[in-house]
Every structure is written in C-alpha cells, then in structure tokens.
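Residue numbers run from 1 in the order of the sequence given.
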Amino acid sequence: MAKKPRIVIIGAGMAGLTAANKLYTSTSSKDLFELFVVEGGSRIGGRINTSEFGGDRIEMGATWIHGIGGSPVHKIAQEINALESDQPWECMDGFSDEPTTIAEGGFELNGSIVEPISKLFKNLMDFAQGKLPEDSEDVCYYNFPAKSASKGFKSNGVSVKQSVGGFLRQGLDAYWESCKNRDEEFIGYGKWSRKLLEEAIFRMHENTQRTYTSAGDLLTLDFEAESEYRMFPGEEITISKGYLSIIQHLASVLPPGVIQLGRKVTRIDWQPEGHQKSAEMGNGYDSRPVKIHFFDGSVLLADHVIVTVSLGVLKAGTCCQEDDSNSGKEALELETLSDEEIIKGVSTTVSSLLKSNTNHSHDEFCNGNGKSVEIFESCSSESDSEVRFGKVLKTKWGSDPLFLGSYSYVAVGSSGDDLDTMAEPLPKFESYEYENGNGNVHPLQILFAGEATHRTHYSTTHGAYFSGLREANRLLQHYHCVGV
C-alpha cells in the first residue's frame with residue numbers, strides 16, 4: 001500500500017495555518033496527505049499576538065486590516081463576527097476631522113503651518129507609490145523635478161539607486177527653495193522658528209511612514225519598489241475580537257495533533273538537483289527526501305516542507321539561531337530598556353506637550369482607560385501638570401530568535417524580483433520538468449510562504465494569507481487535485 005505524501009509546515013502563523021487550512025479542507029485532497037504544522041513557540045499566531053492590557057484587548061503584533069475592499073482577512077472577520085465585541089479593544093479606526101498638532105512646549109500649531117507641509121508629504125508619497133503621474137502639478141509646482149529625482153544619482157561615478165527617504169528630502173528642500181522670499185517673521189511659538197516647525201512636521205510624517213514600512217530609516221527604503229506595493233481600497237480598521245480570532249478560525253478545522261507547539265527547527269536537509277532518488281528501504285522512510293531536525297534532537301521526514309518563518313529568521317540561517325544583527329537597531333535598543341526607563345521617557349515626552357495646553361483630557365493618552373496613568377500636579381505652576389504612565393507592556397520582536405524583526409520591506413539595492421526569488425520552491429526546475437516528472441529528483445521539496453514572499457502585498461497579514469494559499473495550491477496542482 002502506497003504511503004501518503006507527508007507535508008510539514010514550519011510556522012503556525014497566518015501563512016502556515018492558511019496553507020494547512022487549504023490543504024486539509026480541499027474536497028479533492030481529503031485523506032490524500034499526511035499533514036503536520038510544527039511551531040517553535042508556545043502559541044499559534046506568529047506575528048499575530050492578541051493580549052490584554054489595562055482591561056482592554058490589544059494587539060502586540062499585527063493590528064490593522066489594511067483596506068476592507070477585497071481583503072480576505074476582512075471577509076473572514078465578517079464571517080466569524082469578529083468585528084463586534086462587548087469588551088473594550090485597541091480601537092484606532094478612522095481619523096479626526098480636525099486633528100490638533102502640538103509642538104514641544106505645548107504650542108498648538110495653526111493649520112496654516114501644518115497643512116502645507118502635510119500636503120507636501122502626502123503628494124510626494126503618492127508620487128513615490130505611483131498614485132500621481134510623473135508630470136503631476138501636485139509635485140511640480142514646487143519647481144521640484146520629481147521624475148529625475150526618482151531615478152537616483154551618481155556617487156564617485158557609481159550609480160546609486162534612489163531611496164524613498166532621499167526623494168522626500170529632495171522634495172522638502174525644493175519646497176523651502178520655492179519659499180525663500182516669504183516673510184519669515186514668526187511669533188507666538190517660543191524658540192520655534194517657522195523652518196524648525198516645518199522640519200518637525202515633515203519628520204513627524206516620516207516617522208509615521210516608517211511604522212507603515214518597518215524600515216528603521218526611509219533612506220534604506222527602495223524608491224522603485226515602493227510603486228509596486230498595492231493596498232486594498234476602503235478604510236483601515238482594527239478587529240474588535242482581536243486578530244487572533246482569525247488565526248483561531250483557520251486552525252479550528254485541523255484535527256488534534258496536526259499542530260505541534262514547542263518544535264524548534266534547527267536544520268532542514270533536502271536533496272538538491274542532481275541528487276539521485278534513494279531506493280525505498282524496508283521501513284519506507286528513506287524515500288522521503290527531506291529531513292527536519294529539531295532542537296530536542298528528534299527528526300521528522302517529509303515529502304514536502306512549507307517554510308513560513310520570517311525574513312529575519314531566514315537571513316539568520318536557522319529557526320532558533322540567536323542572531324539579531326538583521327533587526328532594526330532602534331527597535332533593539334528600545335527592547336533593552338527597562339519598564340521604568342520607558343515610563344520615564346514617555347511620561348516626560350507627553351508632559352512636555354502639555355505644559356502650555358491643559359485643555360486635553362489625560363485619558364486621551366491611555367487609550368481611554370485611566371487605570372494605567374497617574375496624574376501629578378506640578379507644584380511650580382497651576383497650569384502645568386505631569387503625566388506619569390504607571391504600567392508597560394512591550395514587545396520583543398527584534399530580539400526574539402523565532403522572529404528577529406517585525407515585517408519586511410524592500411531595501412535600496414533590492415527589488416520586487418528578490419521577493420519573487422524567495423517564493424521559488426527547491427529544487428529549482430522548469431515547469432515542464434514538474435509536469436512530466438523527473439526520475440532523478442524529488443520535486444517541490446522545500447516551498448516558501450510568508451509576507452516577505454509576496455511581491456505586491458509584503459509586510460501585511462493578507463500578503464501572508466495569499467502566500468499560504470499560493471503554496472497550498474502549488475502542491476494540490478502537483479498532485480492533480482481538481483477544483484484548485
């Protein structure tokens with residue numbers, strides 16, 4: 001009796017569980033595969049980790065559904081009624097129609113200062129993301145040659161690719177050049193000059209953009225690849241019942257024993273091109289081409305392995321190697337701070353913004369829950385108050401050896417082609433060799449999924465979802481399963 005093909009998925013995050021869900025639930029593949037999901041950590045979810053803090057449900061990892069139009073994550077959330085909850089959650093949906101911008105010292109900025117810089121930044125990013133034509137007046141009216149600025153430059157005779165950060169700064173310099181003859185008289189903002197405030201507003205938008213991309217510095221973010229990134233239309237929302245509800249739904253169809261926690265992979269042995277298929281031994285195991293080694297010394301043989309670990313782990317080389325050199329320096333420095341250092345730093349920063357402005361509720365700075373904030377009135381002035389945060393919950397994505405970072409971006413010098421390359425299975429053959437069968441090699445031994453393997457939706461949970469479907473469908477098609 002021929003044994004079933006054994007498929008092992010490494011990682012129980014969005015990509016891994018989506019692949020497992022698809023392989024198990026496909027009608028034509030029932031009882032066709034022997035399926036395992038091995039996870040190095042003590043929980044499922046990967047970079048999705050819903051927790052509680054101050055009585056609220058919060059997200060330690062993935063937080064947003066980035067556009068509800070066509071998003072598979074939004075569709076699942078609707079189907080399982082995850083968008084409504086009686087328990088308070090980390091709701092950050094929508095934006096204020098009249099946002100307030102406050103400079104250090106408590107100076108509330110007039111819209112005439114904020115809006116031109118905010119519009120400038122938006123137009124520049126829209127151009128970088130391909131949302132504006134090359135001759136758009138929205139960037140050209142600053143006398144800024146956006147088209148030529150996007151092409152990069154030469155340094156010591158060597159062509160250097162343009163970064164998003166470099167492009168943005170060239171745009172800001174062009175704006176300042178166009179305004180050099182304006183009246184610079186500027187009063188009412190203490191030691192702040194107009195140019196310093198404009199620089200601060202622009203940097204505020206840059207920092208926000210950094211959180212969208214995960215790049216520690218926008219100067220490392222490739223300009224050309226930015227235009228390939230795609231977003232779903234519609235509003236961006238959070239999930240009331242927590243992002244983990246999506247993961248639990250995907251995992252709920254799998255029989256007990258399929259998901260194995262605490263199984264840290266240290267090495268994967270496979271048979272590359274030119275390696276002869278081994279003859280089947282009496283125990284039937286040697287015919288499986290892939291051997292997975294675990295931290296506890298055990299091994300598992302497989303016909304196919306879908307690797308869904310993060311890009312940081314792939315770059316480090318193994319799934320348990322403690323190498324954080326590929327993570328953002330800034331994030332790693334924050335992760336080493338003590339709770340008291342974080343409380344002091346955040347409390348001082350927020351207090352400095354409130355020194356001259358006491359019209360704002362302190363609850364605005366604690367997610368609407370006053371339990372985690374203590375207010376101390378300053379003895380020196382009735383109008384001054386000190387905000388002190390009393391509790392900290394922090395993530396360690398950068399130093400956790402199972403993740404070694406948050407999510408991926410395309411760095412200067414890389415391209416979307418690199419993402420496609422990471423999605424290619426091993427061994428590498430032309431499609432006709434798979435279809436016709438190659439007697440000397442085992443096909444599709446190692447497959448790759450995860451947000452970093454999706455060319456246009458990298459860095460997102462739906463990108464991870466699509467990649468998991470892609471690799472599951474690749475195997476289903478290989479075994480001629482119908483309806484895929």
- request: Look only at the side chain of R455 and the backbone of A452, and say whether a donor-acceptor pair between them is shorter than 3.5 Å.
  value: no
task: Take W270 and L426, measure what side chain to side chain contact (heavy atoms under 4.5 Å, CB included) needs, and give me the verdict at the end.
output: CA-CA 9 Å; W270 59 285; L426 300 172; 3.8 Å; yes
task: Determine, for E199 against K195, whether the closest basic-nitrogen to carboxylate-oxygen distance falls under 4.0 angstrom.
output: no
field: Test item: Q129 and M231 side chains (from C-beta on) under 4.5 Å apart, heavy atoms
entry: no
query: Between I7 and L23, is any pair of side-chain heavy atoms under 4.5 Å apart?
result: yes
message: Using the rule given for side chain to side chain contact (heavy atoms under 4.5 Å, CB included), can you reason through L197 versus Y189, listing the C-alpha separation, both sets of side-chain angles and the distance that settles it, and then say yes or no?
response: CA-CA 9 Å; L197 282 176; Y189 294 97; 4.1 Å; yes
query: Heavy atoms, side chains only, cut-off 4.5 Å: are I237 and H74 in contact?
result: yes
query: Regarding R57 and S51, is there a side-chain donor-to-acceptor distance under 3.5 Å anywhere?
result: no
- request: List the atom of E104, the atom of F107, and the distance in Å for their closest heavy-atom pair.
  value: O-CD1, 3.6 Å
statement: In this structure, CG of L444 is separated from NE2 of H442 (nearest 0.5 Å) by 12.0 Å
message: Using salt bridge (Lys or Arg N to Asp or Glu O under 4.0 Å), reason through K264 and E39 one step at a time and then give a plain yes or no.
response: CA-CA 7 Å; K264 295 182 180 180; E39 164 59 46; over 6 Å; no
query: Would you call D126 and K122 a salt bridge, taking side-chain N to carboxylate O under 4.0 Å as the test?
result: yes
Pairwise side-chain contact, H66 with S71, heavy-atom cut-off 4.5 Å (strictly under): no
E335 with K394: basic N within carboxylate O range, under 4.0 Å: no
query: Okay, side chain of S240, backbone of L83: is any donor-acceptor separation there less than 3.5 Å?
result: yes
- request: Mind checking the CD1-CZ spacing from I10 to F36? Nearest 0.5 Å is all I need.
  value: 13.5 Å
- request: Specify the closest pair of heavy atoms between G165 and L219, including all atoms of both residues, with the distance to one decimal.
  value: C-CD2, 3.6 Å
- request: Would you confirm whether W192, through its side chain, and G105, through its main-chain N or O, come within 3.5 Å as a donor-acceptor pair?
  value: no
Sub-4.5 Å side-chain heavy-atom contact between H478 and R474: no
query: Do NZ/NE/NH1/NH2 and the carboxylate oxygens of D217 and R210 come within less than 4.0 Å?
result: no
statement: d(S414 OG, L419 CG) to nearest 0.5 Å is 8.0 Å
field: Chi angles and distances behind the side chain to side chain contact (heavy atoms under 4.5 Å, CB included) call for L168, Q209
entry: CA-CA 11 Å; L168 290 172; Q209 191 65 32; 5.5 Å; no
query: Is the backbone N or O of S214 less than 3.5 Å from a side-chain atom of S406, with the two atoms forming a donor-acceptor pair by type?
result: no
message: Aromatic contact between F167 and F127, with the criterion being ring centroids under 6.0 Å apart: yes or no?
response: yes
query: Taking F202 as the fixed residue, which of W176, Y175, F121 is the one that meets the ring-ring contact (aromatic ring centres under 6.0 Å, His included) rule?
result: F121
task: Assert yes or no for the condition that the ring centre distance of H457 to F232 is strictly below 6.0 Å.
output: yes
task: Indicate yes or no for a side-chain donor-acceptor contact from S245 to the backbone of G242 under 3.5 Å, with no hydrogens or angles considered.
output: yes
field: Backbone of R470 reached by a side-chain donor or acceptor of N473 within 3.5 Å
entry: no
message: So that I can tick it off, tell me whether R203 and E198 are bridged by a salt bridge, with the cut-off set at under 4.0 angstrom between side-chain N and carboxylate O.
response: no
query: Which value, rounded to the nearest 0.5 Å, describes the distance between I76 atom CD1 and H462 atom NE2?
result: 12.5 Å
message: When you compare the side chain of I446 with that of V307, does any pair of heavy atoms fall below 4.5 Å?
response: yes
H205 and S118 side chains, donor-acceptor separation under 3.5 Å: yes
- request: For T220 and Y409, test the side chains for any donor-to-acceptor distance below 3.5 angstrom and give the result as yes or no.
  value: yes
A62 versus I48, closest heavy-atom pair with distance: CB-CG1, 3.8 Å
task: Drop me the distance from T50's OG1 to I239's CD1, to the nearest 0.5 angstrom.
output: 8.0 Å
Under 3.5 Å side-chain donor-acceptor pair for Y243 and T461: yes
message: In the structure I gave you, are the side-chain heavy atoms of T100 and I102 within less than 4.5 Å of one another anywhere?
response: yes
message: Set out, in order, the CA-CA distance, both residues' side-chain angles and the distance that settles side chain to side chain contact (heavy atoms under 4.5 Å, CB included) for V305 and I292, then state yes or no.
response: CA-CA 9 Å; V305 175; I292 306 168; 3.7 Å; yes
query: Are N21 and H249 close enough that some pair of their side-chain heavy atoms sits under 4.5 Å apart?
result: no
query: Between A302 and V8, which heavy-atom pair has the shortest distance, and what is it?
result: CB-CG2, 3.7 Å
- request: For this output row, return yes or no: ring centroids of Y479 and F33 closer than 6.0 angstrom.
  value: yes
query: Which atoms form the tightest heavy-atom contact between S467 and G450, and what is the distance?
result: OG-N, 2.7 Å
- prompt: When rounded to the nearest 0.5 angstrom, what distance separates CG in D173 from CD in Q170?
  reply: 8.0 Å
message: Exactly one of L250, L476, L475, L17 should register a side chain to side chain contact (heavy atoms under 4.5 Å, CB included) with K22. Which one does?
response: L476
task: For D56 and I58, indicate whether the former's side chain and the latter's backbone hold a donor-acceptor pair under 3.5 Å.
output: no
- request: For the pair W397 (side chain) and M60 (backbone), establish whether a donor and an acceptor sit closer than 3.5 Å, ignoring hydrogens and angles.
  value: yes
- prompt: Is the distance between the ring centroids of H454 and Y465 under 6.0 Å?
  reply: no
- prompt: Any side-chain donor-acceptor pair under 3.5 Å between S408 and E451?
  reply: yes
Sidechain N-carboxylate O distance under 4.0 Å for E84, K241: no
query: Looking only at heavy atoms, what is the nearest atom pair of H304 and L447, with distance?
result: CB-CD1, 4.2 Å
